[in-house]
Amino acid sequence: RVGLSADRAAAQTAAEKHLNGANIATVESVVKKVLGGSAQLVRAGSDKKSDDVAEGDLDLLIDTPTNVTVPQTQAVLLALQVAFPGSEVDSHHPTVIRIFHDIGKDMDVVFRKTAFETKAYPREHFKNSSARHSIRCFKKLMLHSGLKVKGVEIEQVAIHFMQENPGWDADSLFAHLQKSSFQTKPLK
């Protein structure tokens, strides 16, 4: 079994918590400005469940009373790029905006309701606790090495491995992730 366990967010300093809170408030302000005051920002993912890796990302769902259109998602993307000029803000999926911060937690901003069809991101692979555990442990290993890797990159490699190796287990997935090449940047 993979021997590393996930950190708790409690390891964050007060300054880090304040910065993350300010970043969330900025996202919420942008979302409400672009989509209207009835749009809500909801925390989700491992941070919400309190089983996140200390340097993991924040998952934020945009909940709207009506379906969001492609031009609206693009308007939110552009507004977030303006709001976070020192950060990399991009979209790897039509319903997800990713904000990579040099300081503070990275963020996945996800549109819950859309008026357009998308090819679903294969999240069913991550309902398996062994997959989640292996990925979380690999992220932890990278952090202990002083490196930051985009979670979506790790997930894509993991999905490909699981699809190609139907009999995979947590150890084989973790070993595969260790052998894989990722774009990394040093932690600040």
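For clarity, every value in this text was computed on a predicted model and none was experimentally measured.
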* To do: Hey, could you give me the CG/NZ distance between L147 and K185, rounded to the nearest 0.5 Å?
  => 11.5 Å
* To do: Would you list the pairs meeting ring-ring contact (aromatic ring centres under 6.0 Å, His included) in which at least one residue belongs to residues 16-45, sequence neighbours left out?
  => none
* To do: Would you please name every residue forming a side chain to side chain contact (heavy atoms under 4.5 Å, CB included) with D90, sequence neighbours left out?
  => E88, R98, F100, K150
* Non-hydrogen side-chain atoms of L58 and R43 separated by less than 4.5 Å -> yes
* Structure fact -> Heavy-atom closest pair (K32 atom, G37 atom, distance to 0.1 Å) is NZ-O, 3.0 Å
* Structure fact -> Across all chains, not counting sequence neighbours, the side chain to side chain donor-acceptor pair (under 3.5 Å) partners of D169 are S172
* Do side-chain atoms of S91 reach the backbone of V96 as a donor and acceptor pair under 3.5 angstrom? -> yes
Without placing hydrogens or testing angles, list every side-chain donor-acceptor pair under 3.5 Å for residues 70-85, not counting sequence neighbours.
unit_1: Q72; atom_1: OE1; unit_2: T69; atom_2: N; d: 2.8
unit_1: Q72; atom_1: OE1; unit_2: T69; atom_2: OG1; d: 3.3
unit_1: T73; atom_1: OG1; unit_2: V70; atom_2: O; d: 2.7
unit_1: Q81; atom_1: NE2; unit_2: V89; atom_2: O; d: 3.0

* Between A170 and S134, which heavy-atom pair has the shortest distance, and what is it? -> O-OG, 2.9 Å
* Within 6.0 angstrom of Q178 CD, more than 12 heavy atoms from elsewhere -> yes
* To do: Drop me the distance from S29's OG to L41's CG, to the nearest 0.5 angstrom.
  => 11.0 Å
* Structure fact -> side chain to side chain donor-acceptor pair (under 3.5 Å) filter on T64, not counting sequence neighbours, yields none
* For K33, enumerate each residue passing the side chain to side chain contact (heavy atoms under 4.5 Å, CB included) test, keeping only those at least two apart in sequence or located in another chain. => none
